Amino acid sequence: MQQTQSPPSKRNHSPSLLLQCAELVLSWLTPQELATISLTCSTLHTISKSITLRRASDASRAFESHPIPFHNSVDEHPYAYFIYTPSQIPSSSSQFLGRQSWGSSFSAHKSNSVTGLGVQTLRFVDDSGECEYGCECEACGEEGDGADGCPCFGGFNDVVAECGPSCECGLDCGNRLTQRGIEIKLKILRDGRKGWSLCADQFIPKGRFVCEYAGELLTTKEARLRQQIYDELASGGHFSPALLVVREHMPSRKACLRYNIDATRVGNVSRFINHSCDGGNLSTALVRSSGALLPRLCFFASKDIKEDEELTFSYGEIRERSKGLQCFCGSSCCLGILPSEQT
């Protein structure tokens with residue numbers, strides 16, 4: 001009597017397919033959920049460990065040109081968990097980003113688009129709904145274009161102007177410097193006092209674009225409500241909010257446009273940039289793409305930065321809370337308390 005056997009393809013590939021499905025599902029879990037499910041069996045423990053290692057190897061989820069790894073020799077936390085966006089997004093969109101796949105070897109994605117997860121949220125439009133601003137340059141900076149010809153150059157009120165979504169030029173345009181994502185090598189190190197810190201993983205020359213401050217765009221009301229929650233959480237000493245208030249002064253200098261970027265839950269690696277009382281080695285600039293209502297806050301090297309050097313900037317000069325969070329910048333002019341103001 002001849003015995004029947006399962007087809008080799010099914011017999012050999014079914015377990016592998018199940019493992020792939022398990023990895024895809026587990027990559028959506030939070031660290032706490034991943035740790036819990038890893039205790040159920042040795043197979044899921046192995047998959048969970050692999051996901052943890054891949055998460056620690058790239059905070060950017062392959063959205064950026066280079067992996068941005070975590071390095072921790074201080075405690076047992078291999079990485080910091082948050083949802084990644086390469087640019088700012090409205091808070092109304094972030095509610096759909098409750099989870100994000102991270103750590104699966106089958107779901108890594110590359111993104112070289114101008115927007116990625118982030119979007120050009122608010123733009124000037126005409127009556128038909130089309131973007132009202134933009135250039136028709138094929139390559140800004142060539143004959144007839146550039147600073148003398150391209151209408152996107154110039155800016156106002158100390159805001160850098162760049163080409164936008166409605167311009168004819170592509171990402172290789174010289175006037176889209178901050179729209180190609182993070183193009184330098186960075187890494188995230190764990191410090192015993194500061195927590196996570198963003199550091200250079202290569203030499204960065206003065207003036208080089210580093211990254212933008214990406215996160216959720218909040219209304220002032222939303223920002224105040226969140227700040228109240230964050231203050232309560234931070235009082236325990238184990239929570240670091242990343243809510244930044246940005247003000248753009250109007251031409252009269254008598255008024256300013258305020259907007260709030262919260263990178264606490266949704267953001268990019270700029271959320272790991274710490275404060276320094278001496279101003280740090282990064283300068284900030286508001287950059288507005290042609291046709292965009294709101295600018296983006298971008299970081300540039302204010303001096304030559306050595307490999308392994310921590311990236312820092314000044315959070316501000318106002319310290320309205322006498323019992324604010326302690327500053328560990330270590331500079332000779334350290335004031336001991338992080339800048340703070342009423343949101």
Side-chain angles (χ1 to χ4, degrees), residues 30-33 59 70 75 77 79-100 102 117-118 121 188 190-198 211-247 256-277 280 282 284 294 296-297 299 310-329 334-343:
T30 65
Q32 294 78 12
E33 294 168 340
F70 291 92
D75 53 37
H77 300 291
Y79 61 90
Y81 185 78
F82 64 104
I83 295 174
Y84 200 92
T85 176
S87 190
Q88 58 193 25
I89 61 173
S91 59
S92 57
S93 297
S94 66
Q95 62 181 316
F96 300 108
L97 293 175
R99 291 180 183 268
Q100 185 180 56
W102 185 18
L117 261 184
T121 52
I188 305 164
R190 185 74 168 173
D191 181 84
R193 296 190 302 173
K194 296 181 182 179
W196 295 108
S197 305
L198 187 64
C211 63
E212 74 167 271
Y213 196 82
E216 300 175 81
L217 285 171
L218 306 180
T219 64
T220 299
K221 181 179 180 180
E222 289 175 323
R224 287 172 176 166
L225 289 174
R226 288 199 187 184
Q227 190 61 61
Q228 292 177 4
I229 298 173
Y230 294 162
D231 286 344
E232 293 179 7
L233 294 173
S235 62
H238 299 287
F239 180 79
S240 299
L243 174 57
L244 198 64
V245 178
V246 181
R247 293 179 175 87
C256 66
L257 173 66
R258 165 195 166 135
Y259 66 109
N260 315 278
I261 312 174
D262 188 5
T264 306
R265 189 181 70 90
V266 181
N268 66 354
V269 295
S270 65
R271 67 197 297 277
F272 300 111
I273 303 177
N274 289 316
H275 164 78
S276 182
C277 292
L282 297 178
T284 58
L294 296 179
R296 294 172 294 114
L297 183 67
F299 293 98
E310 182 185 358
L311 304 180
T312 59
F313 78 110
S314 173
Y315 288 3
E317 301 298 330
I318 302 174
R319 288 170 172 79
E320 294 186 354
R321 302 169 192 167
S322 58
K323 296 183 179 180
L325 298 176
Q326 188 173 358
C327 178
F328 297 107
C329 72
C334 180
L335 298 176
I337 299 176
L338 288 176
S340 61
E341 59 179 300
Q342 298 299 327
T343 309

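The structure displayed is predicted, hence computed values, not measured ones.
Listed by chain and residue number, nothing satisfies the side-chain hydrogen bond (donor to acceptor under 3.5 Å, both in side chains) test with Tyr259 (two or more places apart in sequence, or in another chain). The side-chain hydrogen bond (donor to acceptor under 3.5 Å, both in side chains) search around Ser276 returns Asp278, not counting sequence neighbours. Partners of Phe70 under the ring pair (Phe, Tyr, Trp, His ring centres under 6.0 Å) rule, at least two apart in sequence or in another chain, are Trp196, Phe272. With sequence neighbours excluded, the residues satisfying side-chain hydrogen bond (donor to acceptor under 3.5 Å, both in side chains) with Ser270 are Asn268. Applying the side chain to side chain contact (heavy atoms under 4.5 Å, CB included) criterion to Tyr81, with sequence neighbours excluded, gives Thr30, Pro31, Arg55, Tyr79, Trp102. Residues meeting the ring pair (Phe, Tyr, Trp, His ring centres under 6.0 Å) test with Tyr213, sequence neighbours left out: none. With sequence neighbours left out, the side-chain hydrogen bond (donor to acceptor under 3.5 Å, both in side chains) criterion links Ser240 to no other residue. Checked against salt bridge (charged side-chain N to carboxylate O under 4.0 Å, His left out), Glu33 has the following partners two or more places apart in sequence or in another chain: Arg99.
In terms of heavy-atom proximity, Ser197 sits nearest to Asn274 at OG-ND2, 3.0 Å. Glu212 and Gln88 get closest at one heavy-atom pair: OE1-N, 3.7 Å. When all heavy atoms of Gly280 and Thr312 are compared, the pair lying nearest together is CA-OG1, 3.1 Å. Shown here for Ala223 and Leu218, the closest heavy-atom pair between the two residues is CA-CD1, 3.9 Å.
Considering only heavy atoms from C-beta on, Val245 stays 4.5 Å or farther from Thr220 through its side chain. Between Leu282 and Ile273 the shortest side-chain heavy-atom distance falls below 4.5 Å. Contact check for Val246 versus Ile261: side-chain heavy atoms found under the 4.5 Å cut-off. Side-chain atoms of Arg265 and Phe82, non-hydrogen and from C-beta on, never get closer than 4.5 Å to each other. Within the 4.5 Å cutoff, the side chain of Asp191 has no heavy atoms near those of the Phe328 side chain. Side-chain contact between Leu244 and Leu297 is present, with at least one heavy-atom pair separated by less than 4.5 Å. The shortest side-chain heavy-atom distance between Lys194 and His275 does not fall under the 4.5 Å cut-off. Taking the side chain as every heavy atom from C-beta outward, Leu294 and Leu217 approach each other to under 4.5 Å.
Under the 3.5 Å distance criterion, the side-chain polar atoms of Thr264 are matched with a main-chain donor or acceptor of Ala242. Not a single donor-acceptor pair under 3.5 Å links the side chain of Gln326 to the backbone N or O of Leu338.
In this structure, OH in Tyr230 is found 5.5 Å from CZ in Phe239, a value given to the nearest 0.5 Å. Note that the CG atom of Asp262 and the CD1 atom of Ile89 stand 10.5 Å from one another [nearest 0.5 Å]. For the atom pair Leu243 CG and Arg224 CZ, the distance stands at 11.5 Å (nearest 0.5 Å). Atom OG1 of Thr284 and atom OH of Tyr315 lie 12.5 Å apart (nearest 0.5 Å). If you take CD on Glu222 and OG1 on Thr219, they are separated by 3.5 Å, rounding to the nearest 0.5 Å. Taking CZ from Arg226 and CG from Asp231, the interatomic distance works out to 14.0 Å, rounded to the nearest 0.5 Å.
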*Determine, step by step, whether Cys327 and Cys277 satisfy the side chain to side chain contact (heavy atoms under 4.5 Å, CB included) criterion, reporting the C-alpha distance in whole Å, the side-chain angles of both residues, the deciding distance to 0.1 Å, and the verdict.*
CA-CA 9 Å; Cys327 178; Cys277 292; 3.9 Å; yes
*asked:* Under the criterion side chain to side chain contact (heavy atoms under 4.5 Å, CB included), I'd like the reasoning laid out for Ile229 against Leu233: C-alpha separation, chi angles, the key distance, then a yes or no.
replied: CA-CA 6 Å; Ile229 298 173; Leu233 294 173; 4.0 Å; yes
